[in-house]
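A quick write-up on the structure given underneath.
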2 protein chains.
Amino acid sequence: MAPLHEHSDCPGCAAPDLAFATHDHAHCAADALSRAEVVTSAAGARLTPVRRRVLEILLEEHWALGAYDVLARLATEGFGNQPPVAYRALEFLVEQGLAHRIQRLNAFTACTHPGEAHAPAFLICRSCSAVAEAVAGPVRAALDEAAAQVGFSIERSTIEALGLCPACREATA
Amino acid sequence: MAPLHEHSDCPGCAAPDLAFATHDHAHCAADALSRAEVVTSAAGARLTPVRRRVLEILLEEHWALGAYDVLARLATEGFGNQPPVAYRALEFLVEQGLAHRIQRLNAFTACTHPGEAHAPAFLICRSCSAVAEAVAGPVRAALDEAAAQVGFSIERSTIEALGLCPACREATA
DNA sequence: GCTTGACCTGTTATGATATTACATTCATAG
DNA sequence: CTATGAATGTAATATCATAACAGGTCAAGC
């Protein structure tokens with residue numbers, strides 16, 4: 001799929017470490033939303049009000065939200081306030097590649113590169129909680145290689161790192 | 001730390017894909033236990049009865065057990081039957097590098113290479129539930145490189161792959 | 001325009017995983 | 001032998017997740 005705008009025009013969108021870089025976040029979020037429209041309609045799926053709203057909520061910040069955090073937001077806005085409401089919308093977004101589940105945090109984050117095929121790796125700052133999607137190609141390749149050596153075939157992978165983002169490392173030092 | 005025996009003498013222990021290979025499991029488990037004694041005493045820690053028993057339970061099979069599974073076993077053997085009993089022992093084993101937590105499964109597995117420094121990667125068979133520790137050096141190196149590119153410093157990493165082990169892939173085909 | 005069927009949303013209820021707080025027991029250094 | 005810190009036991013509760021079913025929405029085809 002072609003990007004909806006030239007990323008080289010957009011300082012921030014071009015960065016792999018989007019979440020850690022200062023950038024035009026309103027643009028970043030609006031772009032993700034419009035890509036979401038494209039992705040879902042191409043898949044013959046419907047980006048309904050709840051689903052769209054959940055994505056908007058995830059897009060507000062570059063960190064991960066628990067399902068119950070999302071649910072609380074939804075409830076104040078007139079949507080249902082039972083867990084399945086949030087879990088179903090989140091599951092849909094993950095299936096469509098519009099959001100990711102962070103296993104370490106039992107939480108969800110909006111995808112910063114929707115519509116682009118990628119097996120993501122996540123960098124999670126333990127100080128400010130920001131979550132960035134790293135360039136995962138080489139990591140995934142190394143993992144595939146390790147699996148191939150023992151005859152294991154990988155279907156899904158979880159690659160997450162916990163540590164300090166540049167800004168927090170700076171602040172700590 | 002020097003290994004407690006020559007692994008080249010031990011078909012199975014030499015394999016990186018121990019969990020997927022047929023091997024002398026009694027030996028494998030006994031070896032892990034004796035290494036555990038060494039590791040804990042070297043660290044000035046105590047391998048108490050509960051802790052030792054939890055490790056033995058994890059060592060019975062090469063798959064991951066939930067904290068409540070472990071707890072149920074402990075309870076039938078006269079140990080406490082409240083969650084903290086299991087969680088504390090498991091936490092201790094993880095701290096000592098004698099067990100690992102599998103984030104994807106919310107479960108724990110005995111380490112197959114205790115006493116050897118390693119940032120592990122796990123291969124989880126979705127069919128037989130076996131969990132193997134893969135050779136993770138190159139994977140971790142690639143992840144470190146990706147993190148370094150954006151100035152992120154990694155403290156802990158989670159690398160897990162879900163798929164089919166050689167035997168189950170064979171059986172499915 | 002009606003029907004029908006698929007999908008989506010909402011709710012109840014429950015299950016699964018994990019932690020806090022505090023009381024008690026145990027091992028060991030002094 | 002006793003003081004001390006570590007380990008264990010227990011109750012209570014917090015947090016995360018799903019099963020099962022009822023009702024509503026919407027668009028395709030008649």
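So that the names make sense, note that chain A is the first sequence line, chain B the second, and so on, each numbered from 1.
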| message | For B:Thr112 and B:Glu133, which I'm curious about, is there any donor-acceptor pair between the side chains at under 3.5 Å? | response | yes

| A:Glu91 has an atom CD; how far is it from atom P of D:dT18, in whole Å? | 8 Å

| Can a side chain N or O of A:Arg51 be found less than 4.0 Å away from OP1 or OP2 on C:dC8? | yes

| When the distance from CG of A:Leu105 to P of D:dC16 is rounded to whole Å, what number comes out? | 10 Å

| request: Round to a whole Å and report the spacing from CD of A:Gln96 to P of C:dC7. | output: 13 Å

| said: Both B:Ala107 and A:Ala45 contact DNA chain C. Which one's nearest nucleotide lies toward the 5' end? | reply: A:Ala45

| said: With clusters defined by side-chain heavy atoms of hydrophobic residues (ILVMFWY) lying less than 4.5 Å apart, directly or transitively, does B:Val70 cluster with B:Leu47? | reply: yes

| request: Could you check A:Asn106 against B:Phe92 and say which one's nearest nucleotide on DNA chain D is further toward the 5' end? | output: B:Phe92

| task | Consider the side chain of A:Pro83, meaning its heavy atoms from C-beta on, and name the nucleotide among C:dG10, C:dA13, D:dC16 that approaches it most closely. | result | C:dA13

| Does the aromatic ring of B:Tyr87 sit over the six-membered base ring of C:dT19, closer than 5.5 Å centre to centre and tilted less than 30°? | no

| query | What integer distance in Å separates B:Arg52:CZ from D:dA7:C1'? | reply | 17 Å

| task | For A:Arg46 and for A:Gly80, locate the closest nucleotide of DNA chain C by heavy-atom distance; then report the residue assigned to the nucleotide nearer the 5' terminus. | result | A:Arg46

| query | Roughly, in whole Å, what's the span from CZ in A:Arg88 to P in C:dG10? | reply | 8 Å

| What is the distance from CZ of B:Phe79 to P of C:dT24, rounded to the nearest Å? | 22 Å

| Length of the line joining B:Leu71:CG and D:dG9:P, which is rounded to integer Å | 11 Å

| query | Tell me: CD of A:Gln103 to P of D:dT15, nearest whole Å? | reply | 20 Å

| query | So B:His25 and B:His23, ring pair (Phe, Tyr, Trp, His ring centres under 6.0 Å) or not? Walk me through it. | reply | CA-CA 6 Å; B:His25 187 65; B:His23 62 284; 5.4 Å; yes

| task | Please check if the distance between the ring centroids of A:His100 and A:Phe122 is under 6.0 Å. | result | yes

| Ion pair B:Arg73/B:Glu56, N-O distance below 4.0 Å | no

